[in-house]
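This is a predicted model, so every value here is computed, not measured. Letters A, B, ... mirror the listed sequences (proteins, then strands); counts begin at 1.
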Amino acid sequence: MTLCQFIDRAFKAMFERYGHQHWWPGDSELEIAVGAILTQNTSWRNVERAINALKSRNLLSIRGLLDVDEKTLADAIKPAGYFNVKAQRLKAFIRWLHDSGGFDELRKLDTYELREKLLSVKGIGRETADSMLLYVFERPVFVIDAYTRRIFERHGLKDASKMDYDRLRSVIEGCLPRNPQLFNEYHALIVRTGKEVCKRSNPLCELCPLNGLKID
DNA sequence: CTCCAGGGGGCCA
DNA sequence: TGGCCCCATGGA
């Protein structure tokens, strides 16, 4: 099957298996954005602990993150790992967010400009920027992560795991209508499928809902 | 014990 | 550009 056929059928297969994922888990724009930074190369379970710690210390607000010193912040987010770099990244992000006038002001920018601005913040790379664009700002951006690369590679897209981020993103986006709701559900289903059955340690993926789907 | 998890920056050829 | 190393906790 073609790449676009695979993309279409894969979504249907994953959705039939797992249903609506209700992403991004988080009660506010800020919580989603903070979670996007904290989850860099880190299990979501550990991120939840760090977010809960931030909440219990009343730090999960723009004011709170702006005022807290980096060492205190690092101590609070310890369970998420890389706590020193992530404390730096959160501080850099929150300063930028504040200086930019907050989420409401940033929403006025077009997607391209907003993406460039996000990428200019130290500690926000392409995946983190795209996660925020999709799940905070509801823009039709397809998030590429390790699960996405692995699944596409396994199902016949050669070198998907090595392909340039933006190239893979545009290839996939080219097969889909620019619908933020669809992109939201699609990425969430990929992560769900990756966690559930298509792990790196389980290349056979016998229970994978995508079994039998192959790109030519 | 080892491997991995919803990456990104710095450095160097 | 592309490869390598560093960051760090907690579960399997």
- Item | Distance in Å, A/Q21 CD paired with A/L189 CG, rounded so as to fall on 0.5 Å steps | 5.0 Å

- Using a cut-off of 4.0 Å on non-hydrogen atoms, how would the nucleic acid contact of A/I124 be classed: base, sugar-phosphate, or nothing? sugar-phosphate

- May I have the distance from A/I37 (atom CD1) to C/dC7 (atom C1'), rounded to whole angstrom? 15 Å

- A/N46 side chain, from C-beta outward: closest of B/dG9, C/dC7, C/dT9: C/dT9

- Reckon A/V191 touches a base, only the sugar-phosphate, or nothing at all at heavy-atom distances under 4.0 Å? base

- Going by the ring-ring contact (aromatic ring centres under 6.0 Å, His included) test, name the single residue among A/Y18, A/W23, A/F11 that passes it with A/Y186. A/F11

- Euclidean distance, atom CG of residue A/L38 to atom P of C/dT9 [Å, nearest integer]: 14 Å

- Task: Choose from B/dG8, C/dT9, C/dA8 the nucleotide whose nearest atom is closest to any side-chain atom of A/P79.
- Result: C/dT9

- Message: Please convert DNA chain B into dot-bracket. A pair counts if it is Watson-Crick or G-U wobble with both distances under 3.5 Å; crossing pairs go in [ ] and bases paired with another strand get |.
- Response: .||||.|||||||

- Nearest-Å distance for atom pair NZ/C1', residues A/K86 and C/dA8: 8 Å

- Task: Go through residues 127-138 of chain A and report each residue with a non-hydrogen atom lying under 4.0 Å from DNA chain B, sorted by number.
- Result: A/E127, A/T128

- Note on the structure: Smallest heavy-atom separation, A/I151 atom then A/L210 atom, equals CG2-CD1, 3.4 Å

- Task: Assign each of A/R89 and A/D164 to its nearest nucleotide of DNA chain C by heavy atoms, then name whichever residue's nucleotide is nearer the 5' end.
- Result: A/D164

- Task: Let me know the distance between CD of A/E48 and P of C/dG11, rounded to the nearest Å.
- Result: 12 Å

- Message: Side chain of A/N41, heavy atoms from C-beta onward: which of C/dG11, B/dA5, C/dT9 has the nearest atom to it?
- Response: B/dA5

- Query: Are there more than 12 heavy atoms of other residues, nucleotides or ligands under 6.0 Å from atom NZ of A/K55?
  - Reply: yes

- Query: What's the closest nucleotide to the A/R49 side chain, out of C/dG11, B/dG8, B/dA5?
  - Reply: C/dG11

- Item | Whichever of A/L119 and A/W44 has its nearest DNA chain B nucleotide further upstream toward 5' | A/W44

- Message: Please report the distance separating the P of C/dA8 from the corresponding atom of B/dG10, rounded so that it comes out in whole Å.
- Response: 15 Å

- Does a side chain donor of either A/T72 or A/D75 reach within less than 3.5 Å of an acceptor in the other side chain? no

- Query: Is the closest basic N to carboxylate O distance between A/K12 and A/D8 below 4.0 Å?
  - Reply: yes

- Query: Can you name the nearest heavy-atom pair linking A/F6 to A/M1, along with the distance?
  - Reply: CA-SD, 3.5 Å

- Rounded to whole angstrom units, what separation is found between the CG atom of A/D159 and the P atom of C/dT1? 19 Å

- Measure from CD on A/Q40 to P on C/dT9 and round the result to the nearest Å. 17 Å

- Message: Is it the case that over 12 heavy atoms from other parts of the model lie below 6.0 angstrom from the CZ atom of A/R45?
- Response: no

- Query: Within the structure, does a side-chain N or O atom of A/K122 lie under 4.0 Å from either OP1 or OP2 of B/dG10?
  - Reply: yes

- Nearest listed nucleotide, side chain of A/N84, among C/dA8, B/dG10, B/dA5: C/dA8

- Are A/E196 and A/R192 close enough, and set up right, to give a salt bridge (charged side-chain N to carboxylate O under 4.0 Å, His left out), and what steps lead you there? CA-CA 6 Å; A/E196 203 86 15; A/R192 175 71 184 276; 2.9 Å; yes

- Step by step, work out the ring pair (Phe, Tyr, Trp, His ring centres under 6.0 Å) result for A/F142 and A/H187. CA-CA 7 Å; A/F142 197 96; A/H187 179 66; 7.0 Å; no

- Just checking A/G125: base, sugar-phosphate only, or nothing, at a heavy-atom cut-off of under 4.0 Å? sugar-phosphate

- Query: Once you round it to whole Å, what is the distance between P of B/dC4 and OH of A/Y82?
  - Reply: 13 Å

- Note on the structure: Regarding the side chain of A/R45, the nearest nucleotide among C/dG11, B/dA5, C/dG10 is C/dG11

- Item | Where A/R49 and A/N46 come nearest, the two heavy atoms and their spacing | NH1-OD1, 2.9 Å

- Query: Touch check for A/K195, heavy atoms < 4.0 angstrom, all strands: base, sugar-phosphate only, or nothing?
  - Reply: base

- For the pair made of CD1 in A/I144 and P in B/dG8, what is the distance, rounded to whole Å? 12 Å

